[in-house]
Amino acid sequence: MFFKIKSTDTESNARSGEIQTDHGTIPTPIFMPVGTVGSVKGVTQRDLEDEINAKIILGNTYHLYLRPGLDILKQAGGLHKFISWNRPILTDSGGYQVFSLADNRKLKPDGAHFRSHIDGSKHIFSPEGVIDIQRTIGADIIMAFDECPPGDATYDYAKKSLDLTESWLDRCIKRFDQTEPLYGHHQSLFPIVQGCVYTDLRKRAAEHIASLNREGYAIGGLSVGEPAEVMYEMVEVVNNILPKDKPRYLMGVGTPENILEAIERGIDMFDCVMPTRNGRNGMLFTSEGIINIRNQKWRDDFSPIDTKGTTFVDSRFSKAYLRHLFVSNEMLGPQIASLHNLGFYLWLVSEARKMIENKQFSSWKKQMVKKVATRL
RNA sequence: GGGGAGAUACCAAAGUGGCCAACUGGGGCAGACUGUAAAUCUGCUGGCGUAAGCCUUCGUAGGUUCGAAUCCUGCUCUCCCCA
């Protein structure tokens with residue numbers, strides 16, 4: 001993997017660049033659609049390529065390990081082949097699941113003991129095991145196994161959690177460096193900065209991780225309940241420490257507004273379920289603002305879903321029709337909305353790139369932040 | 001013609017003397033969703049009011065009762081069975 005910065009903003013820490021992988025080049029800043037179980041929900045691979053122009057998508061170690069399981073993925077020749085996706089893939093390690101499935105797990109020094117949400121069977125995720133699993137899945141970028149504490153975690157808990165995450169990280173790196181990719185393409189391991197909302201913990205974590213000289217770095221444990229301002233502050237603290245010449249990935253973020261704010265603070269990569277999940281639930285993100293398409297006011301609005309949208313659904317279908325689909329519980333509604341939202345997210349980051357390259361990012365961002373957060 | 005059952009809010013359907021402005025489901029309206037156990041979840045849904053509360057409502061007209069969607073009588077309508 002190779003990362004190069006193409007352009008930097010004069011008034012902020014925003015930068016544009018390129019990540020080269022064996023499955024193609026990813027322009028940054030980038031948004032990565034989430035395809036947890038090997039499917040970006042409601043959107044076909046063809047639409048991801050041709051309509052949305054997604055450059056990289058996510059998969060999830062926890063979910064793919066449970067289903068379809070490693071034997072199938074190995075037989076298929078890895079996740080790329082299994083899901084017929086020849087562009088880059090990033091897999092999350094399952095750290096977030098360790099957090100969100102907290103009722104079903106116990107954290108022990110050797111790893112996380114948990115029960116499958118599917119059939120209740122018992123499993124252990126160790127740092128080494130998670131690396132091995134991600135070797136089998138075969139994503140281009142794989143993540144260290146971490147604990148993602150909730151936004152309101154106490155300092156004491158946050159510190160203990162960070163100790164655990166750091167010890168797990170050392171083991172992940174050791175295992176990663178001792179093993180080889182299975183399918184002939186390179187894999188990169190990204191460590192994750194934790195530390196909750198505590199500046200000194202974030203600094204410590206960032207310094208530790210910066211010293212490891214990996215190919216890219218992630219910031220995790222944000223957008224988990226803390227105020228947005230706190231998240232931005234943590235991003236600033238961490239990005240001041242992380243090396244500038246490596247890609248920085250802010251995990252799980254966020255709203256269009258969050259993304260613009262984070263780009264301004266030097267983040268290069270994002271993923272979030274919001275465009276797909278909220279899309280399925282009737283929320284559309286557009287360049288003019290946010291639409292709840294189920295609201296009655298769209299009932300007789302026959303204008304296109306988004307006149308400035310980049311996907312075919314934006315100009316082809318009306319708001320009134322899309323509302324009708326949602327109200328009627330037609331599966332086409334969520335599909336159209338997911339496609340639209342992902343198209344918008346990818347458009348947003350590509351605009352950001354252009355603006356950074358044209359040295360117009362700051363002024364553009366200022367007005368865009370207002371627009372995208374408007375409720376229509 | 002004879003016998004039986006029933007009429008409850010937008011729809012369906014509980015409730016059969018006070019805890020009923022009325023269970024529940026649907027529909028409608030609104031909200032939530034941030035490294036996806038989510039095409040899911042939550043709230044509201046007679047009127048006025050921020051609220052306490054007040055007013056009106058269970059086919060219709062009367063009656064019994066301190067009190068009626070609930071009991072009694074007349075009327076209207078609907079459905080089922082037998083001729």
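All chains are named by letter (A, B, ...) in the order of the sequence lines, taking the proteins before the strands, and each is independently numbered beginning at 1.
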With no angle test and no hydrogens, is the base of B/rG31 tied to the side chain of A/R294 by a donor-acceptor pair under 3.5 Å?
-> yes
Quick one: the side chain of A/Q296 and the base of B/rG27, do they pair up donor-acceptor inside 3.5 Å?
-> no
Given [options], which nucleotide is nearest the side-chain atoms of [X]?
| X | options | answer |
| --- | --- | --- |
| A/N60 | B/rU34, B/rU36, B/rC29 | B/rU36 |
| A/R277 | B/rU34, B/rG31, B/rA32 | B/rU34 |
| A/R323 | B/rG35, B/rA39, B/rC29 | B/rC29 |
| A/R375 | B/rC29, B/rA32, B/rG35 | B/rA32 |
| A/Q194 | B/rC33, B/rU36, B/rG35 | B/rG35 |
| A/H63 | B/rG35, B/rA37, B/rU34 | B/rA37 |
| A/K41 | B/rA39, B/rC33, B/rA37 | B/rA39 |
| A/N281 | B/rG35, B/rU34, B/rA32 | B/rA32 |

Would you tell me if any nitrogen or oxygen in the side chain of [X] comes within less than 4.0 Å of OP1 or OP2 on [N]?
| X | N | value |
| --- | --- | --- |
| A/T36 | B/rU36 | yes |
| A/N278 | B/rU34 | no |
| A/Q97 | B/rU36 | yes |
| A/N295 | B/rG31 | yes |
| A/N292 | B/rG31 | yes |

[atom1] gap between [N] and [M], integer Å:
| N | M | atom1 | value |
| --- | --- | --- | --- |
| B/rC41 | B/rG47 | C1' | 31 Å |
| B/rC54 | B/rG3 | C1' | 48 Å |
| B/rG27 | B/rC77 | C1' | 26 Å |
| B/rG67 | B/rG18 | C1' | 6 Å |
| B/rC44 | B/rU50 | C1' | 16 Å |
| B/rU16 | B/rC71 | C1' | 9 Å |
| B/rA69 | B/rG46 | C1' | 15 Å |
| B/rC55 | B/rA21 | C1' | 11 Å |

Which word best sums up how the rings of A/F114 and A/H123 line up, parallel for under 30°, tilted for 30 to 60°, or perpendicular for over 60°?
-> parallel
Looking across every strand, which nucleic acid part, if any, lies under 4.0 Å from [X] by heavy atom: base, sugar-phosphate, or nothing?
| X | value |
| --- | --- |
| A/D146 | base |
| A/L58 | sugar-phosphate |
| A/G279 | nothing |
| A/S338 | nothing |

Take atom [atom1] of [X] and atom [atom2] of [N], then tell me their distance rounded to the nearest Å.
| X | N | atom1 | atom2 | value |
| --- | --- | --- | --- | --- |
| A/R280 | B/rC41 | CZ | C1' | 13 Å |
| A/L284 | B/rC33 | CG | P | 16 Å |
| A/W298 | B/rC29 | CH2 | P | 14 Å |
| A/F326 | B/rG27 | CZ | C1' | 18 Å |

Count the heavy atoms belonging to other residues, nucleotides or ligands that lie under 6.0 Å from NZ of A/K366, then report whether that count exceeds 12.
-> no
Cation-pi between A/R248 and A/F190: NZ/CZ under 6.0 Å from ring centre and within 45° of the ring axis?
-> no
So what's [N] paired with, Watson-Crick or G-U wobble, going by both distances under 3.5 Å?
| N | result |
| --- | --- |
| B/rA14 | none |
| B/rG6 | B/rC77 |
| B/rU56 | none |

In the single-linkage hydrophobic clustering (I, L, V, M, F, W, Y; side-chain heavy atoms under 4.5 Å), do A/M283 and A/V369 co-cluster?
-> yes
Connected via hydrophobic side-chain network under 4.5 Å: A/F145 and A/L212 | yes
Whichever of A/V327 and A/Y62 has the more 5' nearest nucleotide on RNA chain B, that residue is A/V327
Of A/P334 and A/G220, the one whose nearest nucleotide on RNA chain B sits closer to the 5' end is A/G220
Are the side chain of A/N258 and the backbone N or O of A/T255 linked by a donor-acceptor pair below 3.5 Å?
-> yes
A/N239 side chain to A/R265 main-chain N or O, any donor-acceptor pair under 3.5 Å?
-> yes
Ion pair check, A/D300 and A/R323, cut-off under 4.0 Å | no
